[in-house]
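Report on the following structure.
Chain A is the first sequence line, chain B the second, and so forth, proteins listed ahead of strands; every chain is numbered from 1.
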Amino acid sequence: MRKIQKIFFIALIFTILLNISVCSSALLLHELGHFFLGVQAGCKNIKLVLIDSELGTYTEMNCPKEQPFYFPLLGAFIFVLPFLSSFLLLKNFPEKNLFFIGLGFNITIAITDFPSIAFLQLLGFFIGLGIILYGEIVLIDKLLSFIRGVK
Amino acid sequence: MIFPESFPIFYSLGLIVAIAVSIFSWRFYIFRKNLIKTYLSIPSILVLGTKGSGKTSFIRAFASSQVESHPIQDGFNFASLTLGEKTAQLMEVPYVYYVDGIAQHLQKIREMNLICGIYLFDVSKDSEPIEVQIENFKRIREFLKDLKFLVLANKMDIADEQKIEKLKKSIGEFHMLSLANLEKTTQLKKELDDVMSLVKGLSSEALAQKNEIELNQASKAS
(Lines give C-alpha, C1' and ligand atoms only; values in the text may rest on other atoms or scores of the structure.)
Protein backbone atom coordinates (compact mmCIF):
# COMPACT_ATOMS: atom_id res chain seq x y z
CA MET A 1 0.00 0.00 0.00
CA ARG A 2 1.30 3.46 -0.88
CA LYS A 3 2.29 5.82 1.91
CA ILE A 4 -0.36 8.31 0.82
CA GLN A 5 -3.05 5.63 1.11
CA LYS A 6 -1.84 4.76 4.59
CA ILE A 7 -2.08 8.41 5.60
CA PHE A 8 -5.60 8.52 4.12
CA PHE A 9 -6.93 5.51 6.02
CA ILE A 10 -5.24 6.33 9.33
CA ALA A 11 -6.43 9.94 9.25
CA LEU A 12 -9.97 9.02 8.13
CA ILE A 13 -10.50 6.37 10.82
CA PHE A 14 -8.96 8.64 13.44
CA THR A 15 -11.19 11.55 12.42
CA ILE A 16 -14.37 9.45 12.55
CA LEU A 17 -13.49 7.91 15.92
CA LEU A 18 -12.56 11.26 17.44
CA ASN A 19 -15.77 12.86 16.20
CA ILE A 20 -17.97 10.05 17.52
CA SER A 21 -16.26 9.89 20.91
CA VAL A 22 -16.24 13.64 21.52
CA CYS A 23 -19.81 14.22 20.36
CA SER A 24 -21.29 11.25 22.23
CA SER A 25 -19.43 12.36 25.36
CA ALA A 26 -20.74 15.91 24.89
CA LEU A 27 -24.27 14.55 24.47
CA LEU A 28 -23.99 12.44 27.61
CA LEU A 29 -22.58 15.35 29.63
CA HIS A 30 -25.32 17.61 28.26
CA GLU A 31 -28.04 15.28 29.58
CA LEU A 32 -26.16 14.86 32.87
CA GLY A 33 -26.07 18.66 33.07
CA HIS A 34 -29.90 18.74 32.84
CA PHE A 35 -30.09 16.07 35.49
CA PHE A 36 -27.74 17.65 38.06
CA LEU A 37 -29.00 21.19 37.59
CA GLY A 38 -32.57 19.89 37.77
CA VAL A 39 -31.76 18.31 41.13
CA GLN A 40 -30.08 21.57 42.19
CA ALA A 41 -33.15 23.56 41.21
CA GLY A 42 -35.41 21.27 43.24
CA CYS A 43 -37.14 19.71 40.24
CA LYS A 44 -39.10 16.51 40.81
CA ASN A 45 -39.59 13.30 38.80
CA ILE A 46 -36.37 13.69 36.89
CA LYS A 47 -35.99 11.09 34.17
CA LEU A 48 -32.78 10.84 32.15
CA VAL A 49 -33.22 8.77 28.98
CA LEU A 50 -30.10 8.05 26.94
CA ILE A 51 -31.80 5.95 24.25
CA ASP A 52 -35.56 5.41 24.21
CA SER A 53 -37.62 3.17 21.93
CA GLU A 54 -37.38 5.80 19.17
CA LEU A 55 -33.64 6.18 19.79
CA GLY A 56 -34.19 9.64 21.26
CA THR A 57 -32.10 11.16 24.06
CA TYR A 58 -33.75 13.47 26.57
CA THR A 59 -34.23 14.44 30.24
CA GLU A 60 -37.69 15.07 31.72
CA MET A 61 -38.47 16.88 34.99
CA ASN A 62 -41.13 18.88 36.80
CA CYS A 63 -39.58 22.08 38.13
CA PRO A 64 -41.04 24.53 40.69
CA LYS A 65 -42.59 27.61 39.05
CA GLU A 66 -40.41 30.06 40.99
CA GLN A 67 -37.26 28.68 39.25
CA PRO A 68 -36.37 30.31 35.90
CA PHE A 69 -37.12 27.78 33.15
CA TYR A 70 -33.76 28.33 31.45
CA PHE A 71 -31.70 27.37 34.51
CA PRO A 72 -31.53 23.60 33.80
CA LEU A 73 -31.56 24.28 30.05
CA LEU A 74 -28.61 26.66 29.82
CA GLY A 75 -26.94 24.81 32.66
CA ALA A 76 -26.64 21.71 30.49
CA PHE A 77 -24.80 23.73 27.85
CA ILE A 78 -22.39 25.16 30.42
CA PHE A 79 -21.92 21.74 32.06
CA VAL A 80 -20.17 20.43 28.91
CA LEU A 81 -17.76 23.37 28.58
CA PRO A 82 -15.11 22.26 31.13
CA PHE A 83 -14.81 18.91 29.30
CA LEU A 84 -14.43 20.63 25.94
CA SER A 85 -12.01 23.22 27.30
CA SER A 86 -9.69 20.42 28.40
CA PHE A 87 -8.89 19.84 24.70
CA LEU A 88 -7.36 23.30 24.54
CA LEU A 89 -4.62 22.05 26.84
CA LEU A 90 -3.34 19.84 24.00
CA LYS A 91 -1.43 22.81 22.61
CA ASN A 92 0.64 21.29 19.81
CA PHE A 93 -1.62 18.36 18.95
CA PRO A 94 -4.26 18.37 16.23
CA GLU A 95 -6.81 17.04 18.75
CA LYS A 96 -6.86 20.49 20.33
CA ASN A 97 -9.38 21.45 17.64
CA LEU A 98 -11.90 18.94 18.95
CA PHE A 99 -12.88 21.82 21.22
CA PHE A 100 -14.52 23.59 18.28
CA ILE A 101 -16.30 20.47 17.04
CA GLY A 102 -17.59 19.73 20.54
CA LEU A 103 -18.62 23.36 21.07
CA GLY A 104 -20.50 23.51 17.76
CA PHE A 105 -22.21 20.22 18.51
CA ASN A 106 -23.05 21.40 22.02
CA ILE A 107 -24.68 24.55 20.63
CA THR A 108 -26.75 22.58 18.08
CA ILE A 109 -28.06 20.17 20.71
CA ALA A 110 -28.62 22.95 23.25
CA ILE A 111 -30.88 24.93 20.91
CA THR A 112 -33.27 21.97 20.60
CA ASP A 113 -34.05 22.62 24.29
CA PHE A 114 -35.73 25.90 23.30
CA PRO A 115 -38.51 24.63 21.04
CA SER A 116 -40.72 27.70 21.34
CA ILE A 117 -38.17 30.12 19.91
CA ALA A 118 -37.84 29.15 16.25
CA PHE A 119 -35.54 32.03 15.29
CA LEU A 120 -33.12 31.19 18.11
CA GLN A 121 -33.12 27.54 17.00
CA LEU A 122 -32.22 28.44 13.45
CA LEU A 123 -29.59 30.96 14.48
CA GLY A 124 -28.07 28.57 17.00
CA PHE A 125 -28.06 25.75 14.47
CA PHE A 126 -26.13 27.76 11.90
CA ILE A 127 -23.69 29.15 14.46
CA GLY A 128 -23.09 25.61 15.75
CA LEU A 129 -22.69 24.24 12.23
CA GLY A 130 -20.23 26.99 11.36
CA ILE A 131 -18.11 26.22 14.41
CA ILE A 132 -18.23 22.48 13.61
CA LEU A 133 -17.11 23.11 10.02
CA TYR A 134 -14.25 25.34 11.18
CA GLY A 135 -13.18 22.73 13.76
CA GLU A 136 -13.32 19.89 11.23
CA ILE A 137 -11.21 21.78 8.66
CA VAL A 138 -8.51 22.73 11.17
CA LEU A 139 -8.53 19.29 12.82
CA ILE A 140 -8.23 17.39 9.54
CA ASP A 141 -5.54 19.69 8.10
CA LYS A 142 -3.42 19.43 11.23
CA LEU A 143 -4.04 15.68 11.55
CA LEU A 144 -2.90 15.04 7.97
CA SER A 145 0.28 17.11 8.47
CA PHE A 146 0.91 15.41 11.80
CA ILE A 147 0.54 11.88 10.39
CA ARG A 148 2.69 12.80 7.39
CA GLY A 149 5.40 14.01 9.77
CA VAL A 150 5.25 10.86 11.89
CA LYS A 151 5.08 8.31 9.02
CA MET B 1 -40.56 24.71 16.33
CA ILE B 2 -37.96 23.77 13.76
CA PHE B 3 -36.16 20.87 15.39
CA PRO B 4 -37.80 18.04 17.35
CA GLU B 5 -37.45 18.13 21.13
CA SER B 6 -35.91 14.70 21.21
CA PHE B 7 -33.37 14.09 18.49
CA PRO B 8 -32.23 10.47 18.02
CA ILE B 9 -28.63 10.07 19.17
CA PHE B 10 -27.67 8.08 16.08
CA TYR B 11 -28.98 10.83 13.81
CA SER B 12 -26.80 13.43 15.54
CA LEU B 13 -23.72 11.22 15.44
CA GLY B 14 -24.49 10.16 11.87
CA LEU B 15 -24.74 13.80 10.86
CA ILE B 16 -21.42 14.63 12.51
CA VAL B 17 -19.72 11.65 10.82
CA ALA B 18 -21.19 12.66 7.44
CA ILE B 19 -19.87 16.22 7.89
CA ALA B 20 -16.47 14.91 9.01
CA VAL B 21 -16.15 12.49 6.05
CA SER B 22 -17.21 15.14 3.52
CA ILE B 23 -14.75 17.69 4.85
CA PHE B 24 -12.08 14.99 5.12
CA SER B 25 -12.46 14.07 1.43
CA TRP B 26 -12.18 17.71 0.41
CA ARG B 27 -9.17 18.47 2.62
CA PHE B 28 -7.41 15.21 1.68
CA TYR B 29 -7.81 16.03 -1.99
CA ILE B 30 -6.05 19.38 -1.40
CA PHE B 31 -3.43 17.74 0.83
CA ARG B 32 -2.62 15.13 -1.84
CA LYS B 33 -2.44 17.75 -4.57
CA ASN B 34 0.01 19.85 -2.52
CA LEU B 35 2.06 16.78 -1.63
CA ILE B 36 2.43 15.79 -5.29
CA LYS B 37 3.37 19.37 -6.15
CA THR B 38 6.01 19.39 -3.42
CA TYR B 39 7.55 16.09 -4.49
CA LEU B 40 7.55 17.07 -8.14
CA SER B 41 9.31 20.34 -7.37
CA ILE B 42 12.19 18.80 -5.39
CA PRO B 43 15.33 18.46 -7.58
CA SER B 44 15.57 14.75 -8.35
CA ILE B 45 18.32 12.39 -9.41
CA LEU B 46 16.99 9.23 -11.02
CA VAL B 47 18.73 5.97 -10.19
CA LEU B 48 18.08 3.36 -12.84
CA GLY B 49 19.49 -0.01 -13.71
CA THR B 50 18.73 -3.63 -14.30
CA LYS B 51 17.22 -5.90 -11.66
CA GLY B 52 19.75 -6.52 -8.89
CA SER B 53 22.20 -3.95 -10.19
CA GLY B 54 22.40 -2.33 -6.75
CA LYS B 55 20.07 0.64 -7.13
CA THR B 56 18.85 0.52 -3.52
CA SER B 57 22.37 -0.14 -2.20
CA PHE B 58 23.60 2.82 -4.21
CA ILE B 59 20.98 5.11 -2.67
CA ARG B 60 21.74 3.71 0.78
CA ALA B 61 25.46 4.38 0.30
CA PHE B 62 25.09 7.94 -0.93
CA ALA B 63 21.93 9.34 0.63
CA SER B 64 21.87 11.53 3.70
CA SER B 65 18.59 10.05 4.94
CA GLN B 66 16.96 6.64 5.19
CA VAL B 67 15.61 4.96 2.07
CA GLU B 68 11.81 5.09 2.05
CA SER B 69 9.08 4.09 -0.35
CA HIS B 70 7.80 7.07 -2.26
CA PRO B 71 4.43 8.37 -1.04
CA ILE B 72 3.13 9.12 -4.51
CA GLN B 73 4.96 6.90 -6.99
CA ASP B 74 4.19 3.20 -6.63
CA GLY B 75 7.27 1.03 -6.19
CA PHE B 76 9.71 3.94 -6.17
CA ASN B 77 12.25 4.21 -3.35
CA PHE B 78 13.71 7.54 -2.46
CA ALA B 79 16.05 9.29 -0.06
CA SER B 80 17.36 12.79 0.27
CA LEU B 81 20.83 13.84 -0.78
CA THR B 82 22.59 17.02 0.29
CA LEU B 83 24.23 18.87 -2.58
CA GLY B 84 26.06 21.76 -1.00
CA GLU B 85 23.37 24.02 0.40
CA LYS B 86 20.60 22.39 -1.59
CA THR B 87 18.76 19.14 -1.07
CA ALA B 88 17.85 16.75 -3.83
CA GLN B 89 16.11 13.39 -3.81
CA LEU B 90 17.60 10.17 -5.13
CA MET B 91 14.78 8.30 -6.83
CA GLU B 92 15.04 4.60 -7.57
CA VAL B 93 12.97 3.69 -10.58
CA PRO B 94 11.79 0.05 -10.51
CA TYR B 95 13.23 -2.04 -13.33
CA VAL B 96 9.88 -3.38 -14.51
CA TYR B 97 8.75 0.15 -15.30
CA TYR B 98 11.11 0.62 -18.18
CA VAL B 99 11.30 -2.91 -19.57
CA ASP B 100 7.96 -2.48 -21.26
CA GLY B 101 5.64 0.43 -21.59
CA ILE B 102 8.13 3.17 -20.72
CA ALA B 103 5.80 5.91 -21.88
CA GLN B 104 2.93 4.54 -19.84
CA HIS B 105 4.83 4.09 -16.58
CA LEU B 106 7.39 6.84 -16.68
CA GLN B 107 5.22 9.70 -17.88
CA LYS B 108 5.12 11.15 -14.36
CA ILE B 109 8.92 11.20 -14.27
CA ARG B 110 8.95 13.84 -16.99
CA GLU B 111 6.93 16.14 -14.76
CA MET B 112 9.62 15.93 -12.08
CA ASN B 113 12.33 18.47 -11.50
CA LEU B 114 15.06 16.18 -12.86
CA ILE B 115 18.67 17.23 -12.59
CA CYS B 116 20.46 14.08 -13.74
CA GLY B 117 20.18 10.32 -14.06
CA ILE B 118 22.44 7.57 -12.81
CA TYR B 119 22.37 4.30 -14.70
CA LEU B 120 23.83 1.24 -13.02
CA PHE B 121 25.00 -1.65 -15.16
CA ASP B 122 25.42 -5.03 -13.54
CA VAL B 123 28.64 -6.44 -14.98
CA SER B 124 28.79 -9.51 -12.75
CA LYS B 125 28.94 -13.00 -14.28
CA ASP B 126 25.37 -13.95 -13.29
CA SER B 127 23.70 -10.74 -14.36
CA GLU B 128 21.21 -10.14 -17.15
CA PRO B 129 22.92 -10.21 -20.61
CA ILE B 130 24.79 -6.95 -21.14
CA GLU B 131 23.15 -6.50 -24.55
CA VAL B 132 19.72 -6.36 -22.91
CA GLN B 133 20.99 -3.87 -20.32
CA ILE B 134 22.51 -1.68 -23.03
CA GLU B 135 19.27 -1.83 -25.00
CA ASN B 136 17.25 -0.75 -21.94
CA PHE B 137 19.69 2.06 -21.22
CA LYS B 138 19.38 3.35 -24.77
CA ARG B 139 15.59 3.27 -24.56
CA ILE B 140 15.66 5.21 -21.31
CA ARG B 141 18.12 7.74 -22.72
CA GLU B 142 15.92 8.13 -25.77
CA PHE B 143 12.88 8.64 -23.54
CA LEU B 144 14.63 11.22 -21.34
CA LYS B 145 16.56 12.98 -24.10
CA ASP B 146 17.39 16.19 -22.26
CA LEU B 147 18.68 14.46 -19.14
CA LYS B 148 22.38 13.98 -18.45
CA PHE B 149 23.34 10.47 -17.40
CA LEU B 150 26.16 9.21 -15.24
CA VAL B 151 26.88 5.62 -16.22
CA LEU B 152 28.27 3.26 -13.60
CA ALA B 153 29.31 -0.36 -13.89
CA ASN B 154 28.62 -1.98 -10.55
CA LYS B 155 29.87 -5.25 -9.04
CA MET B 156 33.39 -4.79 -10.36
CA ASP B 157 34.66 -7.22 -7.71
CA ILE B 158 32.91 -10.11 -9.51
CA ALA B 159 32.96 -8.62 -12.99
CA ASP B 160 32.89 -10.47 -16.29
CA GLU B 161 35.62 -9.01 -18.51
CA GLN B 162 33.65 -9.68 -21.68
CA LYS B 163 30.71 -7.68 -20.39
CA ILE B 164 32.99 -4.76 -19.54
CA GLU B 165 34.47 -4.86 -23.03
CA LYS B 166 31.03 -4.89 -24.67
CA LEU B 167 29.94 -2.03 -22.45
CA LYS B 168 33.00 0.02 -23.41
CA LYS B 169 32.26 -0.50 -27.09
CA SER B 170 28.58 0.44 -26.85
CA ILE B 171 28.48 3.16 -24.22
CA GLY B 172 31.94 4.61 -24.31
CA GLU B 173 32.81 6.31 -21.05
CA PHE B 174 31.59 4.86 -17.76
CA HIS B 175 32.76 4.66 -14.17
CA MET B 176 33.48 1.50 -12.27
CA LEU B 177 32.07 0.72 -8.88
CA SER B 178 31.80 -2.05 -6.35
CA LEU B 179 29.09 -1.22 -3.85
CA ALA B 180 29.53 -4.51 -2.00
CA ASN B 181 33.05 -3.56 -0.93
CA LEU B 182 32.51 0.10 -0.22
CA GLU B 183 32.61 -0.26 3.54
CA LYS B 184 35.35 -2.85 3.62
CA THR B 185 38.43 -1.11 2.28
CA THR B 186 39.74 2.39 2.51
CA GLN B 187 40.74 2.22 -1.11
CA LEU B 188 37.17 1.65 -2.15
CA LYS B 189 36.01 4.43 0.15
CA LYS B 190 37.85 6.74 -2.19
CA GLU B 191 35.76 5.28 -5.00
CA LEU B 192 32.62 6.40 -3.19
CA ASP B 193 33.99 9.91 -2.81
CA ASP B 194 34.90 10.02 -6.47
CA VAL B 195 31.45 8.95 -7.60
CA MET B 196 29.90 11.38 -5.16
CA SER B 197 31.88 14.30 -6.55
CA LEU B 198 30.88 13.20 -10.07
CA VAL B 199 27.21 13.23 -9.05
CA LYS B 200 27.63 16.59 -7.37
CA GLY B 201 29.41 17.98 -10.42
CA LEU B 202 26.71 16.74 -12.74
CA SER B 203 23.94 17.93 -10.45
CA SER B 204 25.32 21.39 -9.75
CA GLU B 205 25.89 21.86 -13.48
CA ALA B 206 22.30 20.86 -14.18
CA LEU B 207 21.05 22.98 -11.28
CA ALA B 208 22.95 25.99 -12.61
CA GLN B 209 21.45 25.41 -16.06
CA LYS B 210 17.97 25.18 -14.56
CA ASN B 211 18.50 28.37 -12.56
CA GLU B 212 19.73 30.13 -15.68
CA ILE B 213 16.65 29.03 -17.65
CA GLU B 214 14.37 30.12 -14.80
CA LEU B 215 16.12 33.50 -14.59
CA ASN B 216 15.77 33.98 -18.34
CA GLN B 217 12.10 33.06 -18.20
CA ALA B 218 11.56 35.44 -15.26
CA SER B 219 13.32 38.33 -17.03
CA LYS B 220 11.32 37.66 -20.21
CA ALA B 221 8.10 37.65 -18.20
CA SER B 222 8.96 40.94 -16.47
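Between B:Phe28 and B:Phe31, the ring planes lie tilted relative to each other; the angle falls in the 30° to 60° range.
Note: B:Ile16 leads B:Ile19, B:Val21, B:Val17, B:Ile16 in heavy-atom pairs under 4.5 Å with chain A. Most heavy-atom pairs under 4.5 Å with chain A: of the set B:Ser22, B:Ala20, B:Ser25, this distinction falls to B:Ala20. Annotation: maximal heavy-atom pairing with chain B below 4.5 Å, among A:Ile137, A:Ile20, A:Ile16, A:Leu139, occurs at A:Ile137.
Interface remark: A:Thr15 contributes side-chain atoms only to the contact with chain B (heavy atom separation under 4.5 Å). When heavy atoms are compared at a cutoff of 4.5 Å, A:Asn19 approaches chain B by way of both its backbone and its side chain. When heavy atoms are compared at a cutoff of 4.5 Å, A:Leu144 approaches chain B by way of both its backbone and its side chain. Only the side chain of A:Leu129 has a heavy atom closer than 4.5 Å to any heavy atom of chain B.
Ring to ring, B:Tyr119 and B:Phe121 are close: their centroids are under 6.0 angstrom apart.
Under the ring-ring contact (aromatic ring centres under 6.0 Å, His included) test applied with A:Phe100, the options A:Phe105, A:Tyr134, A:Phe87 reduce to a single match, A:Tyr134.
Here A:Asp141 contributes atom CG and A:Phe146 contributes atom CZ; the two are 15.0 Å apart, rounded to the nearest 0.5 Å. Atom CD1 of A:Ile147 and atom CZ of A:Phe9 lie 13.0 Å apart (nearest 0.5 Å).
B:Ile115 places none of its side-chain heavy atoms less than 4.5 Å from the side chain of B:Ser44.
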